[in-house]
**Q** 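The structure is given below, and queries will be raised subsequently.
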2 protein chains.
Amino acid sequence: MVVLRNPDETRRRILEAALEEIHLRGFQGMRVEHILTRTKLTKGALYHHFANKMAIGYAIVDEILGQDVMNRWVMPLKDSDDPVKTIIDICEQERAGNTASEIEKGCPINNLSQEMSPIDEGFRERLEAVYQEWTGAIADALRRGQEKGTIRKEVSPEKVAKFLLASLQGIIGVAKCCRHDNMLDDMADCLKDYLMQLRVS
Amino acid sequence: MVVLRNPDETRRRILEAALEEIHLRGFQGMRVEHILTRTKLTKGALYHHFANKMAIGYAIVDEILGQDVMNRWVMPLKDSDDPVKTIIDICEQERAGNTASEIEKGCPINNLSQEMSPIDEGFRERLEAVYQEWTGAIADALRRGQEKGTIRKEVSPEKVAKFLLASLQGIIGVAKCCRHDNMLDDMADCLKDYLMQLRVS
DNA sequence: ATATTGACAGACCAACCGGTCTGTTTATAT
DNA sequence: ATATAAACAGACCGGTTGGTCTGTCAATAT
């Protein structure tokens, strides 16, 4: 039988179900009722753990999405003196793990950023914080690469880090809409070319 | 006094008001009531011109956003043998015309694409069509540039066109969220560098 | 054993929101 | 002048939705 009364687990289940809904329909499109259906919980349970719908969204950014960036990007880059290789590895790994329907849903961080940044400052601040640790990790790795002699001296670590993040999000974003043949791979090839040319030749 | 009974003008006013709302709040966040407030029209008038909310969204993509891309990108690129210069000009022109609050709202095409592509095929098809004429125009210009000797032979016009569009949308998208100092300009600098290096040196 | 509190159940509600429907007014064709 | 249809007005409606409130049940401390 199911384990009864496990508040931490219940909270986690709510956030996971909410993220799945938000990933597909956006935060405004997500319905509290749907979370209840997915988790087989009731209103009472959900509103015991969260003050309102907004609090669920904030918790997802802070706890789930922030952690994802930490695990998938910040940590691997911390141990890397060859950031170009590491970034390409992460991208290819991510690419391999994503089904077609995952591609159509895009990056939840970017989705939330596009949708909520202009209309809710709480979301914007949290998402900006995630982006900052993301670009920060890339910039640090690029700088270390320069010291180790794997990255060209002329590149500005901060600027290029921001551009890389933007390009990556742009690629994922465009691929959501343009399902046409090898759209994603074509764009990824160009990003890879750009990355390779950051290296000392 | 105001001109009475001008159906074409009324329709246009509805679409413009709807676009402003959608630009800020997204399609799902846009409320029909708000359009009525903005336009000082009534339900009867609005639903005389459009079958439902969805039809308003579709019309905006087809008529307004599609035309914008045509005017701002496709036409200028058609007359250009130096696409790199033309693209940079368009970007800088766009940049100059955008206030801070415009930047926070991002590109309506990208916004709609992120929000609606995964949940409504009608939106997705229309937005993909816009993206296709956009990248098509860039690819054509790059190819012409290669023939005229301004663009390097090694670049793939189709691939680079897609990547340029994605990077641009990514930059605009990230800048929506990260208001921090010179985020936008830092990323734009990198894109400019990438563009310049497409040229024959 | 019992009190207390956190975890959860679920009926209920008020506001919202897209859409309908009937009626009125204006333009246009004849 | 009159018929006709398009353009518009606005009251109304039913389903949805986030949130509340009262009550119940289980775990834990004493």
Side-chain angles (χ1 to χ4, degrees), chain A residues 1-61 63 112 115-116 119-123, chain B residues 1-61 63 112 115-116 119-123:
Chain A
M1 202 38 206
V2 197
V3 182
L4 299 174
R5 299 290 157 115
N6 189 338
D8 290 348
E9 173 75 4
T10 301
R11 187 190 145 90
R12 201 189 53 77
R13 277 172 55 215
I14 293 171
L15 290 183
E16 263 182 30
L19 176 54
E20 282 181 55
E21 280 284 311
I22 290 171
H23 197 182
L24 178 63
R25 307 190 189 280
F27 179 75
Q28 297 178 104
M30 176 268 277
R31 300 291 116 121
V32 176
E33 275 295 337
H34 293 180
I35 301 181
L36 303 182
T37 308
R38 278 178 182 270
T39 57
K40 285 171 183 157
L41 290 170
T42 59
K43 280 270 174 78
L46 190 142
Y47 280 99
H48 173 75
H49 288 279
F50 297 96
N52 47 38
K53 187 184 174 183
M54 200 64 86
I56 299 176
Y58 289 174
I60 286 176
V61 178
E63 299 168 34
L112 277 174
E115 179 189 5
M116 299 305 293
I119 54 177
D120 185 87
E121 183 64 11
F123 262 110
Chain B
M1 203 38 205
V2 198
V3 182
L4 299 174
R5 299 288 157 115
N6 189 337
D8 289 349
E9 174 74 5
T10 301
R11 187 191 145 89
R12 200 190 53 78
R13 278 172 55 213
I14 293 171
L15 289 183
E16 263 182 29
L19 176 55
E20 282 182 55
E21 281 283 313
I22 290 171
H23 198 182
L24 178 64
R25 305 190 191 280
F27 179 76
Q28 297 179 105
M30 177 269 276
R31 298 292 117 124
V32 175
E33 274 296 337
H34 292 179
I35 302 180
L36 302 182
T37 309
R38 277 178 184 270
T39 56
K40 284 170 185 157
L41 290 170
T42 59
K43 280 270 173 79
L46 190 142
Y47 280 99
H48 173 74
H49 288 279
F50 297 95
N52 47 38
K53 188 184 174 183
M54 200 63 88
I56 299 176
Y58 288 175
I60 285 175
V61 178
E63 299 169 32
L112 278 174
E115 180 190 6
M116 300 306 292
I119 54 178
D120 185 86
E121 183 64 10
F123 261 111

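Please read these numbers as outputs of a predicted model, since none were measured by experiment. To find a chain, count down the sequence lines: A is the first, B the second, and so on, and within it residues start at 1. Just so you know, these numbers use all the heavy atoms, side chains as well, and skip hydrogens, waters and symmetry mates.
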**Q** Can you check the A/Leu36 CG to C/dG10 P distance for me, whole Å?
**A**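 Atom CG in A/Leu36 sits about 11 Å away from atom P in C/dG10.
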**Q** When the distance from CZ of B/Arg11 to P of D/dA6 is rounded to whole Å, what number comes out?
**A** 16 Å
**Q** With a 4.0 Å cut-off on heavy atoms, is B/Met30 in touch with a base, just the backbone sugar-phosphate, or nothing at all?
**A** sugar-phosphate
**Q** Which residue lies toward the 5' end of DNA chain D, B/Lys40 or A/Gln28, if each is placed at its nearest nucleotide?
**A**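 Closest to the 5' end, via its nearest nucleotide, is B/Lys40.
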**Q** In the structure I gave you, are the side-chain heavy atoms of A/Met30 and A/Leu24 within less than 4.5 Å of one another anywhere?
**A**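 Not in contact.
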**Q** I'd like to know if A/Arg31 reaches the base of D/dT16 with its side chain such that a donor and an acceptor end up less than 3.5 angstrom apart.
**A** no
**Q** B/Phe123 versus B/Glu115: any side-chain heavy-atom pair under 4.5 Å?
**A**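 SC-SC contact between B/Phe123 and B/Glu115 ruled out.
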**Q** Take atom CG of B/Leu46 and atom P of D/dC8, then tell me their distance rounded to the nearest Å.
**A** 11 Å
**Q** Round to a whole Å and report the spacing from CD1 of A/Ile14 to P of C/dC8.
**A** 8 Å
**Q** Quick one: does B/His49's side chain get under 4.5 Å of B/Ile56's, heavy atoms only?
**A**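 No, too far: nothing below the 4.5 Å cut-off.
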**Q** On DNA chain D, compare the nucleotides closest to B/Asp8 and A/Asn52; which residue's is nearer the 5' end?
**A** B/Asp8
**Q** Is there a donor and acceptor pair, one atom on the side chain of A/Arg5 and one on the base of C/dA7, closer than 3.5 Å?
**A**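 By the distance-only test, yes, there is a pair.
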**Q** Counting heavy atoms from C-beta on, name the nucleotide in D/dC8, D/dG19, C/dT20 closest to the side chain of B/Tyr47.
**A** C/dT20
**Q** With a 4.5 Å limit on heavy-atom distance, are the side chains of B/Thr39 and B/Glu16 in contact?
**A**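 Result no, sub-4.5 Å side-chain heavy-atom pair not found.
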**Q** How close or far is atom C1' of D/dT24 from atom NZ of A/Lys43, stated in whole angstroms?
**A**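 So the NZ-C1' distance, A/Lys43 to D/dT24, works out to 19 Å.
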**Q** Start with the C-alpha gap between B/Leu36 and B/Glu33, add the side-chain angles, then the distance that decides, and say whether side chain to side chain contact (heavy atoms under 4.5 Å, CB included) holds.
**A** CA-CA 5 Å; B/Leu36 302 182; B/Glu33 274 296 337; 4.1 Å; yes
**Q** Report yes if a donor N or O on one partner sits less than 3.5 Å from an acceptor N or O on the other, where the partners are the side chain of A/Lys53 and the base of D/dG19; otherwise report no.
**A** no
**Q** Less than 4.5 Å apart, any side-chain heavy atom of A/Ile60 and any of A/Leu15?
**A** yes
**Q** Just how far, in rounded Å, is P of C/dG19 from CD1 of B/Ile35?
**A**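 Result: 11 Å.
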**Q** Can you see if the side chain of B/Thr42 gets near the phosphate of D/dA9 - specifically, an N or O under 4.0 Å from OP1 or OP2?
**A** yes
**Q** Any side-chain N or O of B/Thr10 less than 4.0 Å from the OP1 or OP2 oxygen of D/dA7?
**A**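 The answer is no; no side-chain N or O of B/Thr10 sits under 4.0 Å from OP1 or OP2.
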**Q** Measure the shortest side-chain to side-chain distance between B/Thr10 and B/Arg5 over non-hydrogen atoms and say whether it is less than 4.5 angstrom.
**A**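 Side-chain contact under 4.5 Å: no.
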**Q** To the nearest Å, give me how far apart CD1 (A/Ile56) and C1' (D/dT17) are.
**A** 13 Å
**Q** Regarding A/Lys53 and the six-membered ring of A/Phe27, is the cationic atom NZ or CZ under 6.0 Å from the ring centre and inside 45° of its axis?
**A** yes
**Q** Report the residue (A/His49 or A/Glu33) whose heavy-atom-nearest nucleotide on DNA chain C is the more 5′ of the two.
**A** A/His49
**Q** Think A/His48 has a side-chain N or O under 4.0 angstrom from the OP1 or OP2 of C/dC8?
**A**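 No.
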**Q** Over its full length, what angle do the end axes of the helix from C/dA1-D/dT30 to C/dT30-D/dA1 make, each axis taken from five pairs and the result rounded to 10 degrees?
**A** 10°
**Q** In whole angstroms, how far is the C1' atom of D/dC25 from the CG atom of A/Asn6?
**A** 16 Å
